[in-house]
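Positions are given from 1 along the sequence.
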Amino acid sequence: MLYTITNSGLQNGRPTQIGANTISLAYGATHVFTLANFTTETTPAYSDPEDDALSLIKILTLPSVGTLKLNGIDVIVGQQITSGQISTNNFTYVSTIDGDYTFTFDAADVGSNSLSGLSTGIITMSVAEKINLPPSVVGDNAFNLSYGDSLIFTTANFTSGTTPAYVDPEGDPPQSVKILSLPANGDLVHNGINVIVNQVIPVSEINSGYLIYEPDLSETALQNLSFNFSVADTGSGIHTE
């Protein structure tokens, strides 16, 4: 009688551990994934019995907002993405609005090329809130007055009438004007009271005719007078000086 014993040898095991990772990015930004995003940066970190490297990931679910793309094409559920495709910067997440959005994945190793079967592979894309920027351009203006003339300012005198004209990155209208310095002679008057340095005057009150330059009638010679100002937009409320 003959007994035959077959020893198949040690089988290469599939990954035993894949984890979760949170990736932060700016509003509207695109994130280019790296292998570390799915291995050493996860909690717990990727682990394989033979210490085999990651061979591929499989996308199990998609983020509810934003888009996963491979080579510029939208990724679908069940799609497998190789480590080579990740390493060559071809796998990206394109964000749209702020918030936290997750997708799930499984991973296989190069030794077994088998997926782990675990459900712990979770990537959270944390997109920061949009930051409203202050005005990007605030220009200069000049007026020629006759002796004794007052000047009632309008908002246009500080925005569309300046050189260059007021510009805001988001197209927000102006909110207020801040007086940074005063003319050497005469007075800036707001609602009947002399303006002081760093006083903030709402655009609505300028439009109502409350901001006026009143000359010093004791000065009869030709004068070139100036004052500095800054403008804030309605979105950020920050003055650009």
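Here side chain to side chain donor-acceptor pair (under 3.5 Å) pairs that include residues 159-173, with residues two or more places apart or in two chains, are N132-D172.
If you take CG on L60 and CZ on F103, they are separated by 10.0 Å, rounding to the nearest 0.5 Å. In this structure, T67 OG1 and I73 CD1 are separated by 13.0 Å, a value rounded to the nearest 0.5 Å.
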Validation: residues 220-230 side-chain donor-acceptor distances under 3.5 Å, sequence neighbours left out:
residue	atom	partner	partner atom	Å
Q223	OE1	N185	ND2	2.6
N228	ND2	S181	OG	3.3

Under 3.5 Å, sequence neighbours excluded: what are the donor-acceptor pairs made by side chains of residues 109-118?
residue	atom	partner	partner atom	Å
D109	OD1	S112	OG	2.4
D109	OD2	G111	N	3.2
D109	OD2	S112	N	3.0
S112	OG	S114	N	3.1
N113	OD1	S55	OG	3.1
S114	OG	S112	O	3.3
S116	OG	D106	OD1	2.4
S116	OG	L118	N	3.0

Scan the side chains in residues 75-83 for donor-acceptor partners under 3.5 Å anywhere in the protein, sequence neighbours excluded, and list what turns up.
residue	atom	partner	partner atom	Å
Q79	OE1	I76	N	3.1
T82	OG1	Q85	N	3.1
T82	OG1	Q85	OE1	3.4

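Side-chain contact between I238 and T240 is absent, with no heavy-atom pair separated by less than 4.5 Å. Looking at P174 and T155, their side chains come closer than 4.5 Å, going by heavy atoms from C-beta outward. T16 places none of its side-chain heavy atoms less than 4.5 Å from the side chain of D48. N37 is listed as a side-chain neighbour of H31, based on a closest heavy-atom distance under 4.5 Å. Looking only at side-chain heavy atoms (C-beta outward), L68 and L62 come within less than 4.5 Å of each other. Counting heavy atoms from C-beta on, the side chains of L188 and N194 never come closer than 4.5 Å.
Partners of E219 under the side chain to side chain donor-acceptor pair (under 3.5 Å) rule, at least two apart in sequence or in another chain, do not exist in this structure. Listed by chain and residue number, D74 satisfy the salt bridge (charged side-chain N to carboxylate O under 4.0 Å, His left out) test with K69 (two or more places apart in sequence, or in another chain).
In this structure, the side chain of T154 does not engage the main chain of N207 through any donor-acceptor pair within 3.5 Å.
For F38 and F33, the distance between ring centers is under 6.0 angstrom.
Checked by atom type, the side-chain pair S126/D100 shows a donor-acceptor distance below 3.5 Å. A donor and an acceptor atom, one from each side chain of T104 and T61, are located under 3.5 Å apart.
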Subject >> Residues F153, Y213; criterion ring-ring contact (aromatic ring centres under 6.0 Å, His included); working and verdict >> reply: CA-CA 8 Å; F153 290 100; Y213 169 73; 7.5 Å; no

